[in-house]
Amino acid sequence: MKQNQKILIVGAEGQLGSEFKKQLGALNYDYLAPNEKDCNITDYNQIKELYKSFKPTITINCAAYNAVNEAEDEIETAFKINHHAVRSLAEVNDSFGCKLIHYGTDYVFDGKKMDLYSETDSTNPLNVYGKSKLAGEQVVLNCNPNFLVFRLSWVIGRGKQNFLFKLSEWAKNQSVLKISSDEVSVPTFTNEIVKLTLSSIKQDLSGLYHMTNSGYASRYELARFYVEQTKIKNLIIPVAMSEFKSKVKRPLFTAMSNVKLSSELNTEIPNWRVSLVNFLAES
Ligand SMILES: NC(=O)c1ccc[n+]([C@@H]2O[C@H](COP(=O)([O-])OP(=O)(O)OC[C@H]3O[C@@H](n4cnc5c(N)ncnc54)[C@H](OP(=O)(O)O)[C@@H]3O)[C@@H](O)[C@H]2O)c1
């Protein structure tokens, strides 16, 4: 199967895109991972030319506008990248007979369920980022039901767009760190996301799946576990999310169930603590 596939990685410079480059390279896949200058998803003509020349059979779209706070002021930009460009990307993939794999977010939910979210639960995003990402996943699956959308949460890999990186930076300047204990989801590691995506390609899955590590945690629990595993000596204090004044509404409990994906792939997805320990060992 691998031999006759050509994979295009879009958004290749982000934390997830970088992990794809690492693993596809090690596994000898035929792939192209252009930078944003050569593959800007808002540039329809550039994207079309890329498909004509590279002729991919699978596109993995890791590109996104992820600035949750800034999105409240940059509504147009958030929708341009997370919705309109994704629709064009889906249409180009469809017209070239190429399968599109796209990533969504737990922020499509309002956090009020107080149980793990499944793929059949109703969405109700509270902020601009969540709304733009929901619009994006919908255009992908409406364009072609054979495409794949994986909803992720709290993505952690080698990059700066994640909580553990930010925590390490805060720890350099403040001895005591206040971290929310009522904001709960599933820390999910890029290493695992790439492995599960490649297995899903092999099994030719399509449609919508929640792709998370197993278990769940508050930001506080994640921070405590992280400092216990590292040399960070800062005191971590649990506080309510409402302590942080912000104009962006964030959902409280958005942990998603990965049962649909793990049973389709017939695999047990590791607990986030196991993946965190592995992540540190590889760093
Ligand atoms: N990070 C999380 O906690 C999280 C949570 C849930 C879901 N997700 C989803 O997971 C996926 C991967 O996220 P990630 O954590 O790897 O994000 P990331 O590190 O921010 O990577 C996204 C990449 O997309 C690039 N990009 C932005 N606009 C683009 C455009 N017009 N054309 C091409 N590339 C563009 C970004 O470049 P710049 O840096 O130059 O903008 C960045 O390199 C995304 O769909 C994201 O929404 C992430």
Side-chain angles (χ1 to χ4, degrees), residues 14-16 19 60-62 64 66 68 82 86 101-138 140-141 147-157 161-164 180-200 203 205-223 225 241 248-276 279:
Q15 55 175 351
L16 182 56
E19 183 66 28
I60 299 176
N61 178 28
C62 303
N66 281 329
V68 178
N82 291 343
V86 172
I101 296 173
H102 178 73
Y103 297 94
T105 169
D106 57 331
Y107 270 28
V108 297
F109 297 116
D110 60 19
K112 295 184 181 143
K113 183 180 175 189
M114 291 302 155
D115 194 353
L116 298 180
Y117 280 98
S118 73
E119 289 80 353
T120 51
D121 283 321
S122 306
T123 54
N124 182 29
L126 299 181
N127 54 43
V128 171
Y129 167 74
K131 286 176 186 159
S132 68
K133 290 291 290 179
L134 176 62
E137 62 174 48
Q138 287 170 341
V140 169
L141 293 177
F147 289 167
L148 253 177
V149 173
F150 295 119
R151 286 190 188 134
L152 311 174
S153 61
W154 293 5
V155 175
I156 300 167
Q161 191 57 32
N162 72 71
F163 177 68
L164 296 188
S180 61
S181 56
D182 54 355
E183 194 185 359
V184 177
S185 195
V186 190
T188 300
F189 287 79
T190 54
N191 185 354
E192 214 46 60
I193 297 169
V194 172
K195 281 196 236 158
L196 291 167
T197 302
L198 296 180
S199 301
S200 304
Q203 306 240 5
L205 298 189
S206 55
L208 175 68
Y209 291 87
H210 290 174
M211 182 185 276
T212 61
N213 270 106
S214 294
Y216 58 91
S218 66
R219 294 257 185 219
Y220 170 73
E221 287 169 310
L222 171 59
F225 187 73
M241 188 164 58
V248 59
K249 275 195 199 160
R250 287 174 183 264
L252 285 180
F253 188 99
T254 54
M256 301 184 292
S257 162
N258 60 24
V259 164
K260 181 180 173 193
L261 184 64
S262 68
S263 50
E264 289 270 0
L265 296 179
N266 196 20
T267 188
E268 215 171 290
I269 303 177
N271 186 280
W272 64 267
R273 287 183 171 84
V274 174
S275 291
L276 197 158
F279 173 71

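In what follows, residues are counted from 1 in the order of the sequence shown.
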So how far is it from [X] [atom1] to [Y] [atom2], rounded to the nearest 0.5 Å?
X      : Y      : atom1 : atom2 : answer
Glu183 : Phe163 : CD    : CZ    : 8.0 Å
Leu205 : Phe150 : CG    : CZ    : 6.0 Å
Tyr107 : Leu152 : OH    : CG    : 13.5 Å
Ser132 : Glu137 : OG    : CD    : 10.5 Å
Ile156 : Leu16  : CD1   : CG    : 13.0 Å
Met211 : Thr197 : CE    : OG1   : 3.5 Å

Over 12 non-hydrogen atoms of neighbours within 6.0 angstrom of CZ in Phe279: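 Buried by this count: over 12 neighbours within 6.0 Å.
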Contact summary for [X] and [Y], nearest pair of heavy atoms:
X      : Y      : answer
Val186 : Ser214 : CG1-O, 4.3 Å
Gly104 : Val149 : N-CG1, 4.3 Å
Leu116 : Met256 : CB-C, 4.4 Å
Tyr129 : Val68  : CD2-CG2, 3.7 Å
Leu208 : Leu141 : CB-CD1, 3.9 Å
Phe189 : Asn213 : N-OD1, 3.0 Å

Worked verdict on Tyr209 versus Leu196 for side chain to side chain contact (heavy atoms under 4.5 Å, CB included): CA-CA 11 Å; Tyr209 291 87; Leu196 291 167; over 6 Å; no
I'd like to know if the side chain of [X] reaches the main chain of [Y], judged simply by a donor and an acceptor atom lying under 3.5 Å from each other, with no hydrogens or angles considered.
X      : Y      : result
Lys133 : Asn66  : no
Asn162 : Gly157 : yes
Asp182 : Met241 : yes
Asn127 : Gly130 : yes
Gln15  : Val155 : yes

Test applied, side chain to side chain contact (heavy atoms under 4.5 Å, CB included); reference residue, Thr188; option that passes from Asn258, Ile269, Thr212: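 Single side chain to side chain contact (heavy atoms under 4.5 Å, CB included) partner of Thr188 among Asn258, Ile269, Thr212: Thr212.
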Candidates Thr254, Thr123, Leu261, Thr105 - the one meeting side chain to side chain contact (heavy atoms under 4.5 Å, CB included) with Arg151: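 Testing each of Thr254, Thr123, Leu261, Thr105 against Arg151, the sole residue satisfying side chain to side chain contact (heavy atoms under 4.5 Å, CB included) is Thr123.
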Val108/Tyr117 under side chain to side chain contact (heavy atoms under 4.5 Å, CB included): CA gap, chis, key distance, verdict: CA-CA 11 Å; Val108 297; Tyr117 280 98; over 6 Å; no
Criterion side chain to side chain contact (heavy atoms under 4.5 Å, CB included) on Val248 and Val128, from CA distance to verdict: CA-CA 8 Å; Val248 59; Val128 171; over 6 Å; no
Partners passing side-chain contact (heavy atoms from CB on, under 4.5 Å) against Val274 (at least two apart in sequence or in another chain):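 With neighbours one apart ignored, the set is Pro270, Asn271, Asn278.
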Residue pair Val86, His102: steps toward the side chain to side chain contact (heavy atoms under 4.5 Å, CB included) verdict: CA-CA 9 Å; Val86 172; His102 178 73; 3.7 Å; yes
Is there side-chain contact between [X] and [Y], with heavy atoms separated by less than 4.5 Å?
X      : Y      : value
Trp154 : Trp272 : no
Lys260 : His210 : no
Leu148 : Ser200 : yes
Asp121 : Asp115 : no

Side-chain H-bond candidate by donor/acceptor type, Asp106 with Ser153, under 3.5 Å: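 No donor-acceptor contact under 3.5 Å links the two side chains.
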